[in-house]
Amino acid sequence: MDRFRRRTALGLLVGGASAAALGSFDPVHGRPDDPPTRWPVPPVERENRAAGEAWWPERGGRAADDRRRQIQGYASTTSVAPGEVIDFHVAVNPGGRFRISVHRIGWYDGAGARTMLTSPALRGEPQPVPVADPDTGVLDCRWPVSWRLPVPHGWTSGLYQAVFTSAGGWRACTPFVVRDDRRPAALCVVLPVTTWQAYNQWPRDRRVGKSLYNGYRPDGRRDPALRARAVSFDRPYADAGLPTHFDRDEAAVRWLERNLYDVSYATSFDLHSGRLDPARYRGLVFCGHDEYWSAEMRRATEVGLDGGTSLAFLGANSVYWHVRVRPAAGGRPERIVECAKTLPDPGAGTGDPTLTWRDLDRPEQALLGVQYNGIVLTPQPLVVRGADNWVWSGTGVADGDRIPGVVAGEADGLHAALARPAGTTLSASPYPAQQGGRRLQSSHVYETARGAVVFASGTLGWTLALDRQGHRDPRIERATANVLNRMAGRRRGTFSPGS
């Protein structure tokens, strides 16, 4: 295969056991009516030609924790465009010198990240844990700015991590996204920052910390009755700063970039605010656990779908809780996420309570085709159904085949009593539920009259089967490539077993 064909082959599994198992794809072209010799190299592909290196969690180091809080920090915004400024607020205990390094997550020939820059030596001091708001439980740090970064114009859209390293070698981090507001890629990856913050128990100290799930009793035990009703982005993520379920998003990002997809990146707040216009893209990709959605997020997504923008939900339990988004006390937008989860909801206006979308008579199945139905006690095989559907093309599966370990974490299924779009059920996988008994997981796909595709994997184990060592499965990789290739408007390549 010549250099051009290698470069433009989406869905190509390059090397390793997966490639050997599946054979190789022919090119899958992105714009059939453009002469190939004119195609510019997409920015993310060009970025991945740079030399990468593993970022901190893979390189080792001493991870900060919420009891001693050796070093921790947060960013002033969840996303930023090149030329804009992002501030970092960092606490160091005991006070002393520290540095901030910024890393872009990607493929980079298997390295997984690239170091973009490192700050000069900075001075840090201990900072207080705030008192929780008595009405909402919000913990709002309001720490001073430690370092201000004007984002270089040459930085490629992507998922970034700012790593804070103290003079004593303690490390923590915080994620952010660099957007590309000028160039519409084929696909836009939407990172679920509202869900990351909902699960954030900072500080995980058995005393003060709160999330939208739990607070702490005097004996240090977690208690849902003491949960926050709102959470702030003006605080670190717990312990060393990796959000809950971040690994699922990271696995998808690395797989997308390994397979040369023309992608851009944004956050759920960008979808909420209108900075992300779905109409600019052929498809939106929701990689991981994307549970907390504002009315503005859902409205924008549904308008985009009506206009022909495809959707891929690679996780499970998506679009479950309705939330409100509020500014910080000082007026900075998109810093507070409110979700009371029960009535009364003191902040609710008419028709605006923060309950499940089902409670608002807008179940997620109406958008996804499936909806959340349980927590999976132990990983289970995904049992194939609808094997003649194009999603399974080239995977070699038949109905009833079992793909080990893919049904994990949380699962979606079909709710027979609720309306759903006409489509194809792609799996029917029994699993033991934490809620009791056995339930049935289902993946699903449907197409709209405008030709848009909506795919829902129905499991939090799907993205781990794309990139995590010991979990990768070539059948899941190929099925995902089939979905994204069609979303991106690319012609399907041929598949030659054993080549």
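These figures come from a predicted structure and were not determined experimentally.
Within the 3.5 Å criterion, the main-chain N or O of Thr194 finds a donor-acceptor partner in the side chain of Ser268. At least one donor-acceptor pair closer than 3.5 Å links the side chain of Thr463 to the backbone N or O of Arg248. Side-chain atoms of Ser79 do not come within 3.5 Å of backbone N or O of Arg179 as any donor-acceptor pair. Judged by distance alone, the side chain of Arg69 and the main-chain N or O of Gln127 form a donor-acceptor pair under 3.5 Å. Proximity of a side-chain donor or acceptor of Thr77 to a complementary backbone N or O of Val80 within less than 3.5 Å is not detected. Distance alone, capped at 3.5 Å, is enough to place a donor-acceptor pair between the Arg104 side chain and the Ser157 backbone. Put simply, the side chain of Asp270 never gets that close to the backbone of Leu276: no donor and acceptor are under 3.5 Å apart. Proximity of a side-chain donor or acceptor of Asp352 to a complementary backbone N or O of Ala348 within less than 3.5 Å is not detected. Within the 3.5 Å criterion, the main-chain N or O of Ala167 finds no donor-acceptor partner in the side chain of Trp170. In terms of modelled atom types and a separation under 3.5 Å, the side chain of Ser457 and the main chain of Gly315 share a donor-acceptor contact.
We find the CG-CD distance between Leu242 and Gln161 to be 6.0 Å, quoted to the nearest 0.5 Å. The structure places CG of Asp361 at 10.0 Å from CG of Leu418, a figure rounded to the nearest 0.5 Å. Tyr265 contributes atom OH, which lies 10.5 Å from atom OG1 of Thr156 (distance to the nearest 0.5 angstrom). Expressed to the nearest 0.5 Å, how far OH of Tyr431 lies from CZ of Arg438 amounts to 10.5 Å. The CG atom of Asp359 sits 8.0 Å away from the CG atom of Leu343 when rounded to the nearest 0.5 Å. Distance check, rounded to the nearest 0.5 Å: CD of Gln365 to CG of Asn373 gives 10.0 Å.
Checked for salt-bridge contact, Asp239 and Arg204 meet the test: a charged N lies under 4.0 Å from a carboxylate O. Under 4.0 Å is where a charged nitrogen must lie from a carboxylate oxygen, and between Arg472 and Glu477 at least one such pair does. A salt bridge does not link Arg235 with Asp140: every distance from a Lys NZ or Arg NE/NH1/NH2 to an Asp or Glu carboxylate oxygen is 4.0 Å or more. Comment: Lys210 does not engage Asp223 in a salt bridge, judged by the lack of any side-chain N to carboxylate O separation of less than 4.0 angstrom. With respect to the salt-bridge test (charged N to carboxylate O, under 4.0 angstrom), the residues Arg362 and Glu302 qualify. With respect to the salt-bridge test (charged N to carboxylate O, under 4.0 angstrom), the residues Arg275 and Glu334 qualify.
Of all heavy-atom pairs between Ala408 and Thr459, the closest is N-OG1, 3.1 Å. Of all non-hydrogen atoms in Ala81 and Asp181, the two that sit nearest each other are CB-OD2, 3.6 Å.
In this structure, the side chains of Pro278 and Leu271 come closer than 4.5 Å at one or more pairs of heavy atoms. Proximity of Phe286 to Leu311: side-chain heavy atoms (C-beta onward) are separated by under 4.5 Å at one or more points. No side-chain heavy atom of Gln371 sits under 4.5 Å from any side-chain heavy atom of Asp412. Proximity of Glu257 to Val253: side-chain heavy atoms (C-beta onward) are separated by under 4.5 Å at one or more points. Using a 4.5 Å cut-off on side-chain heavy atoms (C-beta onward), Thr136 and Val231 make no contact. Counting only heavy atoms from C-beta outward, the side chains of Val177 and Tyr160 never approach each other to under 4.5 Å. A heavy-atom distance below 4.5 Å is not found between the side chains of Arg142 and Asp234. Taking the side chain as every heavy atom from C-beta outward, Trp357 and Arg298 approach each other to under 4.5 Å.
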Evaluation steps, side-chain hydrogen bond (donor to acceptor under 3.5 Å, both in side chains), between Thr356 and Arg358: CA-CA 5 Å; Thr356 68; Arg358 301 176 196 181; 5.7 Å; no

Candidate pair Cys173 and Phe164, rule side chain to side chain contact (heavy atoms under 4.5 Å, CB included), full reasoning: CA-CA 6 Å; Cys173 60; Phe164 316 120; 5.5 Å; no

Working note: Val90 + Trp147, criterion side chain to side chain contact (heavy atoms under 4.5 Å, CB included); need CA distance, chi angles, decisive distance, verdict. CA-CA 8 Å; Val90 183; Trp147 189 51; over 6 Å; no

Test side chain to side chain contact (heavy atoms under 4.5 Å, CB included) applied to Leu460 and Asn317, step by step: CA-CA 8 Å; Leu460 290 183; Asn317 193 11; 6.0 Å; no

Run the numbers on Gln441 and Ser427 for side-chain hydrogen bond (donor to acceptor under 3.5 Å, both in side chains), then give the verdict. CA-CA 7 Å; Gln441 177 275 344; Ser427 65; 3.0 Å; yes

Given His89 and Cys141, is the side chain to side chain contact (heavy atoms under 4.5 Å, CB included) satisfied, shown in steps? CA-CA 9 Å; His89 307 253; Cys141 286; over 6 Å; no

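Checked against the 6.0 Å centroid threshold, Tyr261 and Trp255 count as a close aromatic pair. Between Trp462 and Phe455, a ring centre-to-centre spacing shorter than 6.0 Å is recorded.
With 3.5 Å as the limit, one finds no donor-acceptor pair spanning the side chains of Gln70 and Arg62. Counting only N and O atoms by type, the side chains of Trp196 and Asp249 include a donor and acceptor under 3.5 Å apart. Between the side chains of Thr378 and Gln380, at least one donor N or O sits under 3.5 Å from an acceptor N or O. Checking Glu291 against Ser318 by side-chain atom types alone, no donor-acceptor pair falls below 3.5 Å. No side-chain donor from either of Ser264 and Asp180 sits under 3.5 Å from a side-chain acceptor of the other. A donor-acceptor contact closer than 3.5 angstrom is absent between the side chains of Tyr292 and Tyr320.
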Return all side-chain donor-acceptor pairs below 3.5 angstrom for residues 92-102, not counting sequence neighbours, or 'none' if the list is empty.
{"unit_1": "Asn93", "atom_1": "ND2", "unit_2": "Arg68", "atom_2": "O", "d": "3.0"}
{"unit_1": "Arg99", "atom_1": "NH1", "unit_2": "Ser119", "atom_2": "O", "d": "3.2"}
{"unit_1": "Ser101", "atom_1": "OG", "unit_2": "His103", "atom_2": "NE2", "d": "2.8"}

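The aromatic rings of Phe269 and His272 lie perpendicular to each other, with more than 60° between the two planes, well past the 30° mark. Taking the six-membered ring where tryptophan is involved, the planes of His245 and His289 are perpendicular, since the angle between them exceeds 60° and thus also 30°.
Asp66 pairs by the side-chain hydrogen bond (donor to acceptor under 3.5 Å, both in side chains) definition with Gln72, not counting sequence neighbours.
For Asp109, the CG atom sits in a loose shell: 12 or fewer heavy atoms of surrounding residues, nucleotides or ligands are nearer than 6.0 Å. Enclosure of atom CZ in Arg385 is not indicated, since only 12 or fewer non-hydrogen atoms of other residues, nucleotides or ligands lie within 6.0 angstrom.
Each of Val483, Thr425, Leu426, Val454 was compared with Val445 under the side chain to side chain contact (heavy atoms under 4.5 Å, CB included) criterion, and only Leu426 meets it. Among the candidates Phe233, Trp202, Trp143, the single residue satisfying the ring pair (Phe, Tyr, Trp, His ring centres under 6.0 Å) test with Tyr74 is Trp143.
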